[in-house]
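All remarks here apply to the structure that follows.
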Amino acid sequence: MTGNITFTMIKPGAVTNEHIGDILKMISEAGFWIAAMKYTKLSQSQAAYFYNVHKDRPFFEGLVEFMTSGPIVVAILEKDNAVADYRRLIGNTDPAKAEPGTIRKLFAESVQRNAVHGSDSDSNARKEADFFFSKSERFDRQGNFLELVPATEVQ
Ligand code: IDP
Ligand code: MG
């Protein structure tokens, strides 16, 4: 089976406020299969690399500090139209602008401490998934290893 995937992190804040269970429940009920998952903590260099696209933004230093401040949950989510559907489920970056019922509206504390990450494109989803998980750590709904299209073919 070829996965249509996105990548998520439950960020520090949402983890220490004990929202892991609430957020995973919303993810499952929205039809996403949790293809891979782990509990980890980002190093300074991992956080800086992950958010490299934002390195010149005024919020970058604070973002790296926040993202390394405590444990996170990282996961690969599989579903048709995963990237767009997950962005809809999490809501706007700024919880004040997020739709009611979205994960960020419910659990974000601020624009920075906004509960979860969601990939913004298929190619970034693939890069982010490969950054955290090996081939033997991701599974499809039948319990087999999740086969993904070669990274070079992901737009
Ligand atoms: P996204 O997470 O909705 O894709 P991005 O613009 O990619 O939003 O920003 C990455 C992360 O950087 C956000 O999720 C948030 O934690 C943080 N961030 C974005 N904009 C701001 C800001 O204006 N102030 C503080 N933190 C911000
Ligand atoms: Mg983003």
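Ligands are counted one by one from 1 in listed order, and the atoms in each one are counted from 1 as well.
Against a heavy-atom cut-off of under 4.0 Å, V111 is close to the following atoms of ligand 1: 15 (C), 16 (O), 20 (N), 21 (C), 22 (C), 27 (C). If you number the atoms of ligand 1 from 1 as listed, the ones under 4.0 Å from a heavy atom of Q112 come out as 15 (C), 16 (O), 25 (C), 26 (N). For ligand 1 and R87, the ligand atoms under 4.0 Å from any heavy atom of the residue are 1 (P), 3 (O), 4 (O). Less than 4.0 angstrom separates some heavy atom of N114 from each of these atoms of ligand 1: 13 (C), 14 (O), 15 (C), 16 (O). Each of the atoms 10 (C) of ligand 1 lies under 4.0 Å from some heavy atom of Y51.
Annotation: atom 24 (N) of ligand 1 to nearest protein heavy atom, F59 CB, 3.7 Å. For atom 1 (P) of ligand 1, the nearest protein heavy atom (residue, atom name, distance) is T93 OG1, 3.5 Å. Nearest protein neighbour of atom 17 (C) of ligand 1, counting heavy atoms only, is L63 CD1, 3.7 Å.
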Considering only distance and modelled atom types, tabulate donor-acceptor pairs under 3.5 Å from the side chains of residues 15-22, sequence neighbours left out.
| residue | atom | partner | partner atom | Å |
| --- | --- | --- | --- | --- |
| T16 | OG1 | G13 | N | 3.4 |
| T16 | OG1 | G13 | O | 3.4 |
| N17 | ND2 | G13 | O | 3.0 |
| N17 | ND2 | E109 | OE1 | 3.4 |
| H19 | ND1 | D22 | OD2 | 3.2 |

With a 3.5 Å cut-off and sequence neighbours excluded, list the donor-acceptor pairs that the side chains of residues 63-75 form with protein atoms.
| residue | atom | partner | partner atom | Å |
| --- | --- | --- | --- | --- |
| T68 | OG1 | V64 | O | 2.9 |
| T68 | OG1 | E65 | O | 3.1 |
| S69 | OG | F66 | O | 2.6 |

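Look at R141 and E78 and you find a salt bridge, because one of the NZ, NE, NH1 or NH2 atoms lies within 4.0 Å of a carboxylate O, short of that distance. Note on R88 versus D85: salt bridge recorded, some NZ/NE/NH1/NH2 to OD/OE distance being below 4.0 Å. A salt bridge does not link D94 with K105: none of the charged nitrogens is closer than 4.0 Å to a carboxylate oxygen.
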message: As a quick check of understanding, evaluate side-chain hydrogen bond (donor to acceptor under 3.5 Å, both in side chains) for S134 and E137, giving each step before the final call.
response: CA-CA 5 Å; S134 67; E137 293 176 312; 3.3 Å; yes
- request: List the steps, then state whether side-chain hydrogen bond (donor to acceptor under 3.5 Å, both in side chains) holds for N4 with K79.
  value: CA-CA 6 Å; N4 190 339; K79 180 186 186 297; over 6 Å; no
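Within the structure, ligand 1 has K11 among the residues with a heavy atom less than 4.0 angstrom away. Within the structure, the closest approach of R104 to ligand 1 falls below 4.0 Å when heavy atoms are considered. The shortest separation from a heavy atom of H54 to ligand 1 is under 4.0 Å, placing the residue in contact.
Residues F131 and F7 keep their aromatic ring centres 6.0 Å or farther apart.
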